[in-house]
Amino acid sequence: MIDVRLLRVDLEATKAALARKKVSGEEVDRAASLDARRRQLASQVDELRAQVKALSRQVGEAMRAGNAPGARALSEESKRAGAELAALESQGAALEAELRDALLRLPNLPAPEAPDGVSPEDNVVVRTVGYDPDGYQPHQRVPHWDVGAELGILDLGRGAKIAGSMFPLLRGQGATLARALCQLALDRNADAYTEIRPPSLVRTPVLEAVGQLPKFADDAYHIERDDLWAVPTAEVPLTSMHAGEILSEGDLPLRLMAYTPCYRREAGAAGRDTRGLLRVHEFDKVEILAVCTRAQAQALHEEILGRAEAVISELGLPYRVVEICTGDLGQSHARSFDIEVYAPGCDMWLEVSSVSWFSDYQARRASVRYRPAGGGVVQLCDTLNGSALAVPRVWAAIVETYRQADGSVQVPTCLYPYMRGEKLIRR
RNA sequence: GGAGGGAUGGCAGAGCGGCCGAAUGCGAGGCUCUUGAAAAGCCUUGGGAGUGCAAGCUCCCCGUGGGUUCAAAUCCCACUCCCUCCGCCA
């Protein structure tokens, strides 16, 4: 969430910044006025409480002095003040809750550098690497759902039988390929990132911390009986790993990575780009993440983007880097770059990674802070993350790109060790 | 799942319902002494909200949420987590 103080000190500027993300001025005003009312009430409550405390202290003193009637009188007075206090307090609590909810729903401020825009069409292609529109043979122009069915490595029908549509089932070398990709991504980042295997079911506050709740509850799977949520990405547990902690500046940046399954209901996306592996409810992903100071954030953003690109390059897939415009930026994002690989079979650019800087938006929600090395007040951390590798779409692009005239698929060299040395996927 | 025990500041660990945001020890920081270091001594050392130019003042936080009371770290209830034992089980 954003700093409430922005609503007091810099309301107009904040409105202007949020307007770039298509937030109405009224919504911001509403939060600002809730905040003003809350503070006004809080100072009344403080004052009353101070009075009750003072009276209580006097009751104790009177009793010790053996002045029972005096104590009784003071106690009566305090009781009256206490009743008044309770009433004000419950009003205050209600306001507080309302404000918190309003604040939780306000998105992060976009970075000034983020390009203006209202929809995905306004996103900016920063660079395109290795793409040659004329460099493809007809045998590469087969979509992965056909390639997968043909080779018996992707069985959408059986996946659907077990769990419903958009729950793919990989088989044989297809399953091995998926695992190989995770392995590769983990190994390529192990030089700097600590591998974590977090729980993939989490509590409500954990999902709230990343900005997923309360606004986007419909997109996540919820296990009612235990009140747990299935993570949509490893970002969720990793961001909350240090929730409520005060880290030492010397320990920053924290570099973490994790493989997890990811679960998404894709509630709003019915019917859009849902063929094959383009959009699925469950998939595997390796996420890399950093917790750092504001000063370190920019460099880490580039680092994570570079690492995500490196894995795609090593797989030999053409890709482009797209900077997300303000109107398309996610709730929690301040600035974000997508990596899209080119899939020749379906002739589409597929988003395979989103590398984002969250400024202190998530850290404030999760309360992840650090103590500056030179002393001084505790500061909020910044968080950043990106997919090192999201399996299904990369899997799709590989199967399409490396399909040969005879229908078999060549395994990219870097995956040999993870494919038990096999160089070819065939029937 | 059942039975017990526990949760207090960076850590360890006290805490009679009022004088407890909290003893004490360790750790950390500063200073004195010293050529330097060690030792010793002195001092400092949690987070948050509000208000104020500031000094300051007020309030909240002793796992979380409720309750009792004039007054709760202290009493009661619920929940969460940790530990021990039993059961079950990959």
Side-chain angles (χ1 to χ4, degrees), chain A residues 1-9 11 31-104 197-209 223-229 237 240-252 254 261 360 363-381:
Chain A
M1 88 195 126
I2 63 167
D3 188 346
V4 228
R5 272 171 283 230
L6 290 174
L7 301 179
R8 326 212 267 249
V9 182
L11 182 60
S33 86
L34 280 171
D35 172 56
R37 278 160 59 205
R38 196 206 105 244
R39 273 181 299 144
Q40 202 253 331
L41 197 66
S43 67
Q44 282 179 46
V45 167
D46 274 13
E47 214 171 295
L48 248 177
R49 209 194 321 263
Q51 203 181 320
V52 170
K53 286 179 84 163
L55 282 167
S56 292
R57 210 171 305 125
Q58 288 169 39
V59 172
E61 277 159 19
M63 298 227 298
R64 250 169 287 128
N67 178 6
R72 209 169 319 117
L74 284 163
S75 153
E76 283 305 314
E77 198 182 336
S78 173
K79 197 170 188 168
R80 267 197 308 279
E84 204 181 322
L85 175 64
L88 278 183
E89 267 180 332
S90 72
Q91 265 184 61
L95 257 182
E96 184 94 50
E98 216 180 321
L99 172 64
R100 184 180 150 75
D101 187 69
L103 245 25
L104 243 24
R197 175 52 253 234
S200 33
L201 298 180
V202 301
R203 299 173 189 278
T204 299
V206 173
L207 210 51
E208 213 168 63
I223 295 165
E224 302 251 347
R225 186 183 171 119
D226 300 290
D227 194 19
L228 289 169
W229 302 79
S240 282
M241 222 177 117
H242 296 282
E245 298 181 21
I246 299 176
L247 308 163
S248 314
E249 181 170 4
D251 293 336
L252 301 179
L254 254 36
D360 57 14
R364 182 173 290 103
R365 288 171 164 234
S367 190
V368 184
R369 295 168 296 170
Y370 71 93
R371 200 178 298 285
V377 278
V378 172
Q379 304 283 324
L380 286 166
C381 293

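Chain identifiers are assigned alphabetically (A, B, ...) following the order of the sequence lines, protein sequences preceding nucleic acid strands; residue numbering begins at 1 within each chain.
- With C1' as the reference atom, B:G4 and B:G65 are 24 Å apart, rounded to whole Å.
- A 3.5 Å limit on both hydrogen-bonding distances identifies no Watson-Crick or G-U partner for B:C53.
- Rounded to the nearest Å, the gap between the P atom of B:G15 and that of B:U24 is 15 Å.
- Distance A:Leu228 CG to B:U80 P: 12 Å, rounded to the nearest Å.
- Across B:G21 and B:C57, the matching P atoms stand 15 Å from one another, rounded to whole Å.
- Both distances falling under 3.5 Å, in either a Watson-Crick or a G-U wobble arrangement, place B:A7 opposite B:U80.
- One interatomic measurement links the two molecules: CD of A:Glu96 to P of B:G48, which rounds to 16 Å at whole-angstrom precision.
- Nucleotide B:G27 has B:U45 as its partner under the Watson-Crick or G-U criteria, with both atom distances under 3.5 Å.
- Taking CG of A:Leu247 as the start and CD of A:Gln379 as the end, the distance is 13.0 Å to the nearest 0.5 Å.
- Shown here, B:C75 forms a base pair with B:G67; the pair counts as Watson-Crick or G-U wobble because both key distances fall under 3.5 Å.
- The shortest distance between the side-chain N/O atoms of A:Arg57 and the OP1/OP2 oxygens of B:A71 is not below 4.0 Å.
- B:C85 and B:G2 make up a base pair, with Watson-Crick or G-U wobble contacts both under 3.5 Å.
- Atom P of B:C89 sits at a distance of 22 Å from the matching atom of B:C83, rounded to the whole Å.
- Residue A:Ala42 is classed as having no contact, given no heavy-atom separation below 4.0 Å to the nucleic acid.
- Expressed to the nearest 0.5 Å, how far CZ of A:Arg39 lies from CG of A:Asp46 amounts to 13.0 Å.
- Among all heavy-atom pairs drawn from A:Glu249 and A:Pro372, the shortest one is OE1-CA, 3.2 Å.
- Atom CG in A:Leu55 sits about 15 Å away from atom P in B:U58, given to the nearest Å.
- When the C1' atom is used for both B:G25 and B:U80, the distance is 31 Å, rounded to whole Å.
- Base pairing analysis places B:A38 opposite nothing; no Watson-Crick or G-U wobble pair with both distances below 3.5 Å involves it.
- Between the NZ atom of A:Lys53 and the P atom of B:G18 there is a distance of 14 Å, given to the nearest Å.
- Contact check, A:Arg203 against B:C81: a side-chain N or O comes under 4.0 Å of OP1 or OP2.
- With hydrogens and angles ignored, the 3.5 Å screen pairs a side-chain donor or acceptor of A:Ser90 with a backbone N or O of A:Ala87.
- Atom CG in A:Leu99 sits roughly 14 Å away from atom C1' in B:G50 (whole-Å rounding).
- A side-chain donor-acceptor contact under 3.5 Å links A:Ser43 to the backbone of A:Gln40.
- Remark: the separation of the P atoms in B:A73 and B:U64 is 12 Å, to the nearest Å.
- Nucleic acid contact for A:Val45: none, since no nucleic acid atom lies under 4.0 Å from a heavy atom of the residue.
- Here A:Arg38 contributes atom CZ and A:Ser33 contributes atom OG; the two are 12.5 Å apart, rounded to the nearest 0.5 Å.
- Here B:C59 presents its P atom at 7 Å from CG of A:Asp46, a figure rounded to the nearest Å.
- Checking side-chain atoms of A:Arg365 against main-chain N and O of A:Leu104 turns up a donor-acceptor pair under 3.5 Å.
- Of the C1' atoms belonging to B:G27 and B:G18, the separation is 33 Å, rounded to the nearest Å.
- Distance check on atom C1': B:G67 versus B:A72 gives 11 Å, rounded to whole Å.
- One finds no side-chain N or O of A:Arg64 lying less than 4.0 angstrom from the OP1 or OP2 phosphate oxygen of B:C19.
- Counting non-hydrogen atoms under 4.0 angstrom, A:Arg72 reaches nothing in the nucleic acid.
- For A:Leu74 and B:U69, the CG to P distance is 19 Å, given to the nearest whole Å.
- One interatomic measurement links the two molecules: CG of A:Asp227 to P of B:U80, which rounds to 11 Å at whole-angstrom precision.
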